[in-house]
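Single-structure report; data block below.
The figures that follow rest on heavy atoms only: side chains count, while hydrogens, waters and symmetry mates do not. Labels below follow one simple rule: chain letters A, B, ... track the order of the sequence lines, proteins then strands, and each chain is numbered from 1.
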Protein chains: 2
Amino acid sequence: MTREFRSYESGRTYAGNEDRAAVRRPASIKDVASAAGVSPTTVSHVLSGNRPVNELTAARVRSVVNRLGYVPASLARSLQAGSTSVIGLMIPDISNTFFAELAKGAEDAAHDLGYGVILCNTEFDADREDRYLGMIRSRFIDGMVYASGSPPSRRRLEALMGKFPIALADEEVEGLEGALIATADHEAGGRLVGEHLRALGHRRALMLTGPRALKSGVDRANGFVRAFRGEVVERVGDFKEASGHRLVAALLQEGGLDCTAVFAANDLMAFGALTALREAGLSVPRDVSVVGFDDIRAASQIHPALTTVHQPAYDVGRTATAQLLQYVTRGEVPPASRHTLPVELKVRGSTAPPAR
Amino acid sequence: MTREFRSYESGRTYAGNEDRAAVRRPASIKDVASAAGVSPTTVSHVLSGNRPVNELTAARVRSVVNRLGYVPASLARSLQAGSTSVIGLMIPDISNTFFAELAKGAEDAAHDLGYGVILCNTEFDADREDRYLGMIRSRFIDGMVYASGSPPSRRRLEALMGKFPIALADEEVEGLEGALIATADHEAGGRLVGEHLRALGHRRALMLTGPRALKSGVDRANGFVRAFRGEVVERVGDFKEASGHRLVAALLQEGGLDCTAVFAANDLMAFGALTALREAGLSVPRDVSVVGFDDIRAASQIHPALTTVHQPAYDVGRTATAQLLQYVTRGEVPPASRHTLPVELKVRGSTAPPAR
DNA sequence: TTGTACGCGTTATCAG
DNA sequence: CTGATAACGCGTACAA
């Protein structure tokens with residue numbers, strides 16, 4: 001039993017069903033005004049408190065508001081105000097705990113200032129990223145926290161950067177210097193690992209890096225090498241578990257690891273390395289020590305628990321967003337500025353002094 | 001060196017800085033129209049293709065569009081269209097991998113239909129939840145996928161349910177029957193575990209449940225008990241790792257487990273149980289088999305890998321969203337309907353036949 | 001204390 | 001093939 005309601009002013013159509021409460025045209029400020037015998041202006045002011053209204057009139061208006069279930073259309077309000085109080089959060093993969101934590105921080109910071117967050121999950125897909133960048137160009141969102149980074153989209157980002165409020169989180173984007181950015185102290189993280197392994201007595205280490213293009217990875221590697229002051233064998237992976245496994249397995253097959261420690265660029269690769277070592281009959285940490293980076297949740301849940309560098313993903317998201325909003329709320333484009341957040345070494349069961 | 005731009009029509013103020021590209025009033029369709037010497041109507045149609053336009057005129061318009069960098073304000077378009085093409089996703093905690101997966105599914109489904117998703121992370125905070133529910137009442141979002149559930153907010157949900165498009169994901173909400181809902185087949189999950197353990201030869205099992213208030217947990221327990229057809233000792237926990245540890249440790253201290261298998265209501269509790277067993281010098285699966293529920297990432301990475309029931313979190317999010325949008329796109333409120341998604345038993349190293 | 005009129009930027013309608 | 005006009009729903013400057 002379907003019916004149609006036709007609003008007399010607009011001719012717009014609303015379909016519904018008697019059995020499950022039908023969708024009817026929502027009450028507008030005009031409806032309230034005429035029902036209460038006042039002007040829309042008065043209704044507006046009763047609700048906003050922006051100017052004094054006769055208490056009796058106000059009461060009458062409020063009662064009508066309740067009776068009609070009137071709620072101001074935030075869309076119209078946004079149009080007139082010129083801003084939506086919504087920002088975008090661009091990340092490659094929300095199911096990666098690192099980005100999930102980052103998202104949580106961003107959401108918290110936004111919530112504190114009454115902003116909403118649109119989840120822009122890109123899967124590193126440039127088209128998808130473009131679509132979301134379109135939201136800022138069409139001004140549906142007031143700003144963007146950008147933590148993704150498919151290379152083809154960098155040009156677009158660059159074009160937007162000076163004209164719209166954008167903050168870079170977690171990863172710097174090559175060639176985009178004059179930006180607001182919040183990132184973890186990757187270099188210090190690498191240094192902490194280097195110092196830890198050196199203090200334990202290790203002198204030869206295998207370093208599994210991520211792609212060379214990412215500045216964060218380079219920073220980690222540099223920090224490590226400088227602090228470790230021993231021999232470092234380097235192999236380039238891609239941040240995935242499989243690559244950690246592959247690289248270590250290959251080395252083992254080629255005639256031995258010849259290292260007492262492995263430093264992986266992230267926890268996932270460390271997991272892969274652990275598996276490869278176990279398959280080769282090596283014991284961690286007795287035969288080889290293993291260190292990761294990120295401190296994702298599983299790092300503390302596996303056995304042996306993984307020694308790793310805790311990245312303040314939550315803080316990165318929160319800081320980037322808070323900084324961005326500081327300017328967005330004032331209708332300004334943020335200036336270039338850098339916020340480097342401290343990392344922490346979590347020493348767990350996967351590291352020990354090298355065997356004699 | 002700060003300046004102000006004052007738009008002559010509106011008197012609105014735009015602040016900027018010469019050094020970093022200033023924010024100036026974005027070009028509107030009127031600006032384009034007058035610069036191209038046509039009416040706004042024509043500009044609109046050139047861009048939308050909704051009616052034929054003289055190719056010469058069109059070319060001129062397009063050139064002006066590019067020169068001015070004109071992008072239609074989606075806000076104004078939404079106001080006129082009566083919908084924003086954005087929905088909300090209400091979840092308690094995005095950093096929980098289950099909800100992160102669910103969110104990914106929701107985002108994918110929304111993206112497919114050109115919809116955006118606002119992340120509504122509640123931390124089970126009723127105020128926060130209320131604020132987000134406000135977005136649907138104020139029609140800033142066209143619908144809501146609801147996977148949260150602080151008890152005090154249920155009334156509000158109920159009030160909204162018949163009037164706005166809402167879909168329940170993952171967890172049914174007590175007393176909210178006439179709704180669109182997508183959930184995993186918890187009962188079947190419990191049954192699969194029961195059959196698995198029985199087939200292995202187990203006849204006495206410890207079942208660690210979640211809070212009794214959650215229908216999903218009750219379903220799992222019922223499915224298990226019915227299929228296991230053996231003796232079941234039940235202990236009530238709270239889904240946290242610590243509670244799994246506590247319950248098992250207490251039982252061990254009271255004079256033995258007296259069971260050959262443990263079925264935990266989720267993986268986290270299973271982890272706690274594993275730790276307690278290990279601390280008591282018991283070996284898994286030799287002395288005791290352990291099964292979890294959810295299949296979070298760490299489940300396959302611990303040693304021994306955990307036998308568990310894989311929950312289709314992604315599919316739950318995707319299905320709930322796709323179903324919701326099916327109605328939203330037609331401006332309808334979804335009818336009551338249930339979508340139960342299949343689960344899968346992942347048999348890993350933590351289960352084996354009971355010792356002789 | 002209240003109301004009128006206009007602008008926000010877009011698209012649909014109707015007229016030419 | 002094109003344009004003027006109204007309407008979406010709200011806030012507010014200005015007038016009374």
Side-chain angles (χ1 to χ4, degrees), chain A residues 6-14 25-34 36-61 65 68 70-85 137-140 142 331, chain B residues 6-14 25-61 65 68-85 137-140 142 331:
Chain A
R6 184 166 281 272
S7 118
Y8 62 95
E9 305 103 327
S10 69
R12 205 169 294 179
T13 300
Y14 296 85
R25 188 176 65 81
S28 82
I29 199 171
K30 278 188 201 166
D31 298 330
V32 175
S34 65
V38 297
S39 77
T41 308
T42 299
V43 176
S44 173
H45 286 120
V46 167
L47 264 43
S48 72
N50 277 353
R51 85 179 179 192
V53 174
N54 179 295
E55 190 41 54
L56 239 65
T57 317
R60 190 153 32 95
V61 168
V65 164
L68 268 49
Y70 168 67
V71 178
S74 46
L75 210 58
R77 181 179 286 170
S78 291
L79 178 61
Q80 109 82 27
S83 82
T84 58
S85 289
R137 310 193 66 186
S138 71
R139 285 151 289 152
F140 189 87
D142 294 348
Chain B
R6 184 164 280 274
S7 118
Y8 62 96
E9 307 104 325
S10 70
R12 206 169 295 180
T13 300
Y14 294 84
R25 186 176 66 79
S28 81
I29 198 171
K30 280 186 197 167
D31 299 330
V32 175
S34 65
V38 297
S39 76
T41 308
T42 299
V43 176
S44 173
H45 286 122
V46 168
L47 265 42
S48 71
N50 277 352
R51 83 180 182 194
V53 174
N54 178 296
E55 190 41 54
L56 241 64
T57 317
R60 189 154 33 95
V61 168
V65 164
L68 268 48
Y70 167 69
V71 179
S74 48
L75 215 55
R77 181 178 289 174
S78 291
L79 178 62
Q80 124 79 30
S83 81
T84 58
S85 290
R137 309 194 65 186
S138 71
R139 285 150 288 150
F140 190 86
D142 293 347

Pairwise side-chain contact, R60(A) with L56(A), heavy-atom cut-off 4.5 Å (strictly under): no
Whole angstrom value for the distance that separates P of dT2(C) from CG of N50(A): 15 Å
Euclidean distance, atom NZ of residue K30(B) to atom P of dG7(C) [Å, nearest integer]: 7 Å
Touch class at under 4.0 angstrom, heavy-atom based, for S44(A) against every strand present: base
Nearest-angstrom distance from the residue atom CD of Q80(A) to P of dC8(C): 10 Å
Closest nucleotide among dC10(D), dT10(C), dT2(D) to the A73(B) side chain: dT10(C)
Expected output: side-chain R139(A) to main-chain P26(B) donor-acceptor under 3.5 Å: no
Base dG3(C) paired with R51(A) side chain (donor-acceptor, <3.5 Å): yes
Heavy-atom donor-acceptor pair, S138(B) side chain to P72(A) backbone, under 3.5 Å: no
Nearest-angstrom distance from the residue atom CG of L47(A) to C1' of dG9(D): 13 Å
Interatomic distance, Y70(A) OH vs dG9(D) C1' [rounded to whole Å]: 7 Å
Along DNA chain C (nearest heavy atom to each residue), the more 5'-positioned of V71(B) and H45(B): V71(B)
D142(A) side-chain N/O to S83(A) backbone N/O, donor-acceptor pair under 3.5 Å: no
Atom-to-atom span, CZ of R139(B) to P of dC10(D) - whole angstrom: 6 Å
Touch class at under 4.0 angstrom, heavy-atom based, for T41(B) against every strand present: base
dT10(C) base / S78(B) side chain donor-acceptor hit below 3.5 Å: no
Close side-chain approach of T42(B) and S39(B), heavy atoms under 4.5 Å: yes
Closest listed nucleotide, where the reference is the side chain of S39(B) and the choices are dC1(D), dA4(D), dG9(C): dA4(D)
Length of the CD1-C1' vector between I29(B) and dG3(D), whole Å: 13 Å
Selected nucleotide, minimal atom distance to R77(B) side chain, candidates dG3(C), dT11(C), dG9(D): dT11(C)
Base dT2(D) to side chain T57(B), donor-acceptor N/O within 3.5 Å cut-off: no
Distance, rounded to the nearest Å, where N54(B) contributes CG and dC1(D) contributes P: 7 Å
Nearest listed nucleotide, side chain of T42(B), among dC8(D), dC10(D), dT2(D): dT2(D)
